[in-house]
Enquirer: 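Can you read through this structure? Questions will come right after.
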Amino acid sequence: MSTPDAPLLVAEGLSKRYGQRIGCADVSLGIHEGEVVAVVGESGSGKSTLLGLLSTQLLPDAGNVRYRMRSGDERNLFALGEAERRFLLRTDWGFVHQDARLGLRMGVSAGGNVGERLMAVGWRHYGRIRAEAENWLERVEIARERIDDCPSAFSGGMRQRLQIAKNMVTRPRLIFMDEPTGGLDVSVQARLLDLIRSFVGDYGLAAVIVTHDLAVARLLSHRIIVMRHGRVIETGLTDQVLDDPREPYTQLLVASVLQV
Amino acid sequence: MSDAAHYNFAYLDEQTKRMIRRALLKAVAIPGYQVPFASREMPMPYGWGTGGVQVTASVLGPDDILKVIDQGADDTTNAVSIRKFFERTAGIATTTHTRDATVIQTRHRIPEAPLKEGQILVYQVPIPEPLRFLEPRETETRRQHALEDYGLMHVKLYEDIARHGHIATTYAYPVKVDDRYIMDPSPTPKFDNPKMDMCPALQLFGAGREKRIYALPPYTKVVSLDFEDHPFERTKFDRGCELCGAEGIYLDEVVTDDRGGCMYVCSDTDYCEGRRAAPHAAAPPIREARR
């Protein structure tokens, strides 16, 4: 049924409450192949809740998310079986956490971390798994000889790059990122952003990036969604929204960026 | 009056045995699946085989002949005390001969003599979950078993090769049962893994502290996990037993003095004694311990 122009992922009327509090209310959006969407807003605006809902890690109180599988079928994600959902999560999707410890096994070597997804989809040849892991470590600029080191011995920037390699190894079509550059110094941030940008370009990767850093949004994203109090208050092309914000809150947000 | 008269047969009350038998039936029906059970306090500390003892107590009948081994030996503390425990509480016959036993409780070994139909091998299991050291959450490991989501298990073997150049796991070597569940064969040496495959005897596993029972019905397929380019290899010894001369069996290192002297002998004491007693065994004379 789908045409090439149809979005990869469509969310409709997503709502999530935490008791009396609103996590996110009536959010609808579509993400196309190769498109990078940034979700911005201050702390507590519902960015992470939205990411959790889109990536099926949280269940919504209302609304649904549809996804076009590699087979071309469009599926309601919340109607998928657990096994199918997990398979999707570790093959067609990626998730990069702000805290690398959530996304990596800190006691397992870099090679083992990257190889895990391959072994999960049935790779059983040590030599080939290792070669593929080396290949991806190189692409994220981690030296080959670090392949047997544990991420606990890596710097913050290396851990984030390792997380990306771990996710990219199965060639996902969609990757979710929660503040991927949070807590990194600016030069390390710049390298990481370069890397993400090149992967988006090289592999036609679609991405949803949650960030409070408007500079990151400007550099990486095609489209931007501004959230406040759990609602989407403004959305549009990144340059348009950042250069000419319509909503007073967005204007405030843009004006609050420190100029160097 | 014998001590057995003071106890219900085999120590446990009948309701408890019934509960354990139900768990055992389920375990046999789903080979390799860990069945939770209401493990009881036993008059011995956790780690000394409380799980195995409860399983043994539940399957024993008055006509059974029990053998208990610890690391292959019939004469170690754990084996002797569990054997005495059942002599006292069940009044049953015991033996050290593998071929005569109907129930064999074991810690860490499978006897060298082939097991036969009708025999039951009961394993004492400390940690039943093969994924535990990689994934500490029980909720998550249960889900991984349910969904056959076993990529993680190979991560462990990958790490072994990355660090040591070969799969360095030598005991508690993970197996896949009946093409479905991944199972921890208890801390038996990997040398014994091939004996589990298509074994004619019923194999029962009891973990008392962790409150889990699992089983391998007779003639169940048991495959040790590996990589295509690093296949499973049984432990090999480059020597034979220094007492009976047997080769191709599992050896124990016995320290003989405080100057580094040691000798290598069968870990299975019954097997070793049987060979030395048999006239055709042609055992070599016992040599001076090497220095």
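All chains are named by letter (A, B, ...) in the order of the sequence lines, taking the proteins before the strands, and each is independently numbered beginning at 1.
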Enquirer: About how many Å separate NE2 of B:H230 and CZ of A:R124, when rounded to the nearest 0.5 Å?
Expert: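 These two atoms lie 14.5 Å from each other.
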Enquirer: Take a 6.0 Å sphere around CD of B:E140 and say whether it holds more than 12 heavy atoms from other residues, nucleotides or ligands.
Expert: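 Check passes, neighbour count above 12.
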Enquirer: Given heavy-atom pairs under 4.5 angstrom as the criterion, report whether the side chain, backbone, both or neither of A:L118 touches chain B.
Expert: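 For A:L118, no heavy atom lies under 4.5 Å from chain B.
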Enquirer: Could you check whether atom NZ of B:K176 has more than 12 heavy atoms from other residues, nucleotides or ligands sitting under 6.0 Å from it?
Expert: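 For B:K176, atom NZ is crowded (more than 12 foreign heavy atoms under 6.0 Å).
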Enquirer: Is it the case that over 12 heavy atoms from other parts of the model lie below 6.0 angstrom from the CZ atom of B:R132?
Expert: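 For B:R132, atom CZ is crowded (more than 12 foreign heavy atoms under 6.0 Å).
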Enquirer: Quick check for you: among A:S109, A:G122, A:A83, which has the greatest number of heavy-atom pairs under 4.5 Å with chain B?
Expert: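 Highest number of pairs under 4.5 Å: A:S109.
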Enquirer: Using a cut-off of 6.0 Å, state whether more than 12 heavy atoms not belonging to B:R18 lie near its atom CZ.
Expert: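 12 or below, so no.
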Enquirer: Tell me whether the count of non-hydrogen atoms from other residues, nucleotides or ligands lying under 6.0 Å of CZ in A:F87 goes above 12.
Expert: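 No.
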Enquirer: I'd like to know if A:R90 pairs up with B:D149 as an ion pair, taking the criterion as any Lys NZ or Arg NE/NH1/NH2 lying under 4.0 Å from an Asp or Glu carboxylate oxygen.
Expert: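 The answer is yes: the pair qualifies as a salt bridge.
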Enquirer: How close do B:D229 and A:G127 get, counting heavy atoms only, and between which atoms?
Expert: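 In terms of heavy atoms, the two residues are closest at OD2-N, 2.6 Å.
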Enquirer: Please determine whether side chain to side chain contact (heavy atoms under 4.5 Å, CB included) holds for the pair B:F227 and A:I129, giving the CA-CA distance in whole Å, both sets of side-chain angles, and the decisive distance to 0.1 Å.
Expert: CA-CA 10 Å; B:F227 286 103; A:I129 293 167; 3.7 Å; yes
Enquirer: Find the distance between CD1 (B:I167) and OH (A:Y126) and round it off to the nearest 0.5 Å.
Expert: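 Rounded to the nearest 0.5 Å, the CD1-OH separation comes to 10.0 Å.
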Enquirer: Which pair of heavy atoms, one from A:R130 and one from B:A162, lies closest together, and at what distance?
Expert: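 Closest pair (atom of A:R130, atom of B:A162, distance): NH1-CB, 3.8 Å.
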Enquirer: Are B:E159 and A:R105 close enough, and set up right, to give a side chain to side chain contact (heavy atoms under 4.5 Å, CB included), and what steps lead you there?
Expert: CA-CA 12 Å; B:E159 287 293 288; A:R105 293 188 190 280; over 6 Å; no
Enquirer: One pair to check against side chain to side chain contact (heavy atoms under 4.5 Å, CB included): B:E228 and A:R128. What are the steps and the verdict?
Expert: CA-CA 10 Å; B:E228 289 158 19; A:R128 281 201 280 275; 3.5 Å; yes
Enquirer: So which heavy atom on B:V155 is nearest to which on A:M119, and how close?
Expert: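 Reported closest heavy-atom pair: N-SD, 3.7 Å.
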Enquirer: A quick test of your reading: do over 12 heavy atoms of other residues, nucleotides or ligands sit less than 6.0 Å from CZ of B:R234?
Expert: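 Enclosed: over 12 neighbouring heavy atoms sit under 6.0 Å from CZ of B:R234.
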Enquirer: For residues B:R163 and A:G107, report the shortest heavy-atom separation together with the two atoms involved.
Expert: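 Of all heavy-atom pairs spanning B:R163 and A:G107, the closest is NH2-O, 3.5 Å.
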Enquirer: Around B:Y46, counting heavy atoms of other residues, nucleotides and ligands shown, do more than 12 lie under 6.0 Å from its OH?
Expert: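 Enclosed: over 12 neighbouring heavy atoms sit under 6.0 Å from OH of B:Y46.
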Enquirer: Look at A:G112, A:G81, A:G115 and state which one has the largest set of heavy-atom pairs under 4.5 Å with chain B.
Expert: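 Maximum pair count with chain B is reached by A:G112.
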Enquirer: May I ask you to say whether B:R142 pairs ionically with A:E82, meaning some side-chain N is under 4.0 Å from a carboxylate O?
Expert: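 A:E82 and B:R142: not salt-bridged.
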